[in-house]
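Atom set for the values below is all heavy atoms of this structure, side chains included, hydrogens, waters and symmetry mates excluded. In this text, all values refer to a predicted model and were calculated from it rather than measured experimentally.
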Amino acid sequence: MKRIETMRNIDATVRIPGSKSFTQRALVAAFLAEGGSLLRNALLSEDSIGLMEALKDLGAEIRIEGVDVGVTGRGGRLRNPGRSIFLGDNGTAMRFLTSLVSLGEGEYTLTGTERLCLRPIGALVDALRSLGVDARSAGGDGFPPVVLNAEGLPGGQVVFKDIVSSQFVSSLMMCAPYARKETVITLEGPVRSYPYLEMTREVMEAFGVPVHQDRPNRFRISGRERYRNREYPVGGDASSASYFFLAAAICGGRVRVENLNPGTRQGDIGFAAVLEKLGCRVIRGENWVEVWGGDLNRGEYAFDLGNMPDMVPGLAVLATRRFGLTLIRNVGHLRFKESDRLQALATELCRVGIHARETDDGLAVEGGPAKGAAIETYKDHRMAMSFAILGLVVPGIAIRNPGCVGKSFPDFWEKLGGLYR
């Protein structure tokens, strides 16, 4: 149990770690490249380390040097470990490796924790099958474990319809250069978290593979391309930055977040614009963003967070601190994260005395006085970090299972403690 001490009128500077999303994409590209790559300022969290271990199972040589990671890639040639690959609670790794192991030979089984095996993957399995890959969910229900009898990736045309995760698309995009022919990926219906596809494209092109788009929702990737090894700087994590933006917004005062490019393609950088709309002042520098808090705007506001779903817990916490109704929309897929995040948020907000309810595609939160409580995190790092920030202004907040922040931000508690100095 981690008890949070309150504070007011914050004045702090925080340096954030590298991006989890960019780190994991760069690890895959470096593994597929031939020879040695160096990822500078990589995020060494539970998720990224778990992905590194899985890539070692597939034949990579990986070394950690401070916050840098050296990867000796296989040039698209995978080793078959002859046993199941356990991915813990890492949904990104499960999705990325489902396509990746199709490049190998023989049977591969990907599995993870009980919660991971409740997160859907059927749309990706179906897409691979449509390309000729022998892939299936072990239970035949569209959920992990996933079993592939690999003979390489044929390539071809595939259509994703109304997908619940952009990671299905990113997974296939990153492996497509090693297919036997061109891969054309078409997206139909709403595409949630689209900025993550732009991040995937950015990493692929940084490692030497062009991605062609003749329209926004169609990607063409030649099967004749290959990743090239390189030194790759991982930019700061906008998701991690958001908790310190939130601290400024609800405490009043100033927080500057360093090691963050305000022009990053990470969708979560959009949280700063949400804060501006609600009355905060945001200053953007060359490699930093500063937020000044104060009186938050009153009244009813609605936000579509479909492109930044990981910001929902932070916005829900912010909503408790202003007068009026906050509607968060287009995030129904959060029911399939580390927790059922919508249900978890509604439950814990009610626990601290806030009127909150789930809607069909999000949350409705009515601001008002909150009270202290022991917050159940549901082993969800974003629940823990968001409610910890609420504890800066609401006496008596305590966080159960505080170690769950290690999934994405291992030194979060140290960085939070720095705000009091």
Side-chain angles (χ1 to χ4, degrees), residues 1-7 14 16-17 20 24 43-51 53 86-94 111-119 144 237 239-244 246-247 250 268 309-318 320 331 334-354 356 358 363 365 370-420:
M1 186 91 75
K2 179 78 173 179
R3 301 188 183 279
I4 311 299
E5 298 296 326
T6 59
M7 67 181 305
V14 179
I16 55 165
K20 181 165 80 85
Q24 294 197 102
L43 176 67
L44 301 178
S45 67
E46 289 176 8
D47 273 3
S48 52
I49 291 172
L51 177 56
E53 292 302 314
F86 184 79
L87 300 172
D89 199 26
N90 189 345
T92 304
M94 172 61 72
T111 190
T113 63
E114 181 179 358
R115 179 64 196 177
L116 182 65
C117 291
L118 293 175
R119 299 178 69 175
D237 193 294
S239 307
S240 298
S242 71
Y243 304 107
F244 301 100
L246 178 63
I250 68 175
D268 291 348
D310 286 340
M311 298 298 93
V312 171
L315 181 55
V317 163
L318 180 65
T320 70
V331 291
L334 286 183
R335 294 187 171 91
F336 304 104
K337 290 288 188 178
E338 285 80 356
S339 63
D340 178 340
R341 210 171 267 167
L342 296 180
Q343 182 184 71
L345 281 166
T347 299
E348 300 310 308
L349 289 170
C350 290
R351 192 188 304 277
V352 298
I354 297 297
E358 293 182 66
L363 285 171
V365 183
K371 62 182 181 181
I375 301 299
E376 179 58 58
T377 57
Y378 309 86
K379 300 180 180 179
D380 187 332
H381 52 139
R382 303 210 183 279
M383 290 287 294
M385 292 186 281
S386 298
F387 278 92
I389 301 302
L390 181 63
L392 298 179
V393 291
V394 175
I397 294 289
I399 307 298
R400 298 186 187 276
N401 186 24
C404 67
V405 302
K407 182 175 177 64
S408 66
F409 198 164
D411 59 351
F412 170 77
W413 298 115
E414 178 184 344
K415 299 289 188 184
L416 184 69
L419 300 182
Y420 295 89

Side chains of [X] and [Y], heavy atoms from C-beta outward: is any pair under 4.5 Å?
| X | Y | answer |
| --- | --- | --- |
| Gln24 | Asn90 | yes |
| Leu246 | Leu318 | yes |
| Ile397 | Ile375 | yes |
| Asp47 | Ser408 | no |
| Ser242 | Asp268 | no |
| Arg341 | Arg382 | yes |
| Lys379 | Asp89 | no |
| Val405 | Ile399 | no |

Nearest-0.5 Å distance that lies between atom [atom1] in [X] and atom [atom2] in [Y]:
| X | Y | atom1 | atom2 | answer |
| --- | --- | --- | --- | --- |
| Asp340 | Thr347 | CG | OG1 | 8.5 Å |
| Cys117 | Met94 | SG | CE | 6.0 Å |
| Leu87 | Glu53 | CG | CD | 11.5 Å |
| Asp380 | Leu345 | CG | CG | 8.0 Å |
| Leu390 | Thr320 | CG | OG1 | 5.0 Å |
| Met7 | Leu416 | CE | CG | 8.5 Å |

### Query
Hey, which of Arg3, Met385, Lys2, Met1 is the one that makes side chain to side chain contact (heavy atoms under 4.5 Å, CB included) with Pro402?
Lys2
### Residue pair Arg335, Glu358: steps toward the side-chain contact (heavy atoms from CB on, under 4.5 Å) verdict
CA-CA 11 Å; Arg335 294 187 171 91; Glu358 293 182 66; 3.3 Å; yes
Looking only at non-hydrogen atoms, find the nearest pair between [X] and [Y] and report the distance.
| X | Y | value |
| --- | --- | --- |
| Pro410 | Leu44 | CG-O, 3.5 Å |
| Pro313 | Ser386 | CB-OG, 3.2 Å |
| Ser239 | Asp237 | N-OD1, 2.8 Å |
| Ala247 | Leu419 | CB-CD1, 4.2 Å |
| Leu363 | Ala316 | CD1-CB, 4.3 Å |

#### Entry: Steps toward side-chain contact (heavy atoms from CB on, under 4.5 Å) verdict (Ser45, Phe409)
CA-CA 6 Å; Ser45 67; Phe409 198 164; over 6 Å; no
### Message
Test of understanding: with side chain to side chain donor-acceptor pair (under 3.5 Å), list the residues that count as partners of Arg400, not counting sequence neighbours.
### Response
none
### Task
Check whether any side-chain N or O of Ser48 sits under 3.5 Å from a backbone N or O of Leu43 as a donor-acceptor pair, and report yes or no.
yes
### Message
Quick one, Leu349 with Val365, criterion side-chain contact (heavy atoms from CB on, under 4.5 Å). Give me CA distance, side-chain angles, the key distance, then yes/no.
### Response
CA-CA 8 Å; Leu349 289 170; Val365 183; 3.9 Å; yes
### Query
Given the rule in the side-chain contact (heavy atoms from CB on, under 4.5 Å) test, do Val394 and Thr6 qualify, once you have shown the distances and angles that lead to the verdict?
CA-CA 7 Å; Val394 175; Thr6 59; 5.9 Å; no
### Message
Parallel, tilted or perpendicular: which one describes the rings of Phe412 and Tyr243, with boundaries at 30° and 60°?
### Response
perpendicular
#### Entry: Residues Tyr378 and Glu348: side-chain donor-acceptor under 3.5 angstrom
yes
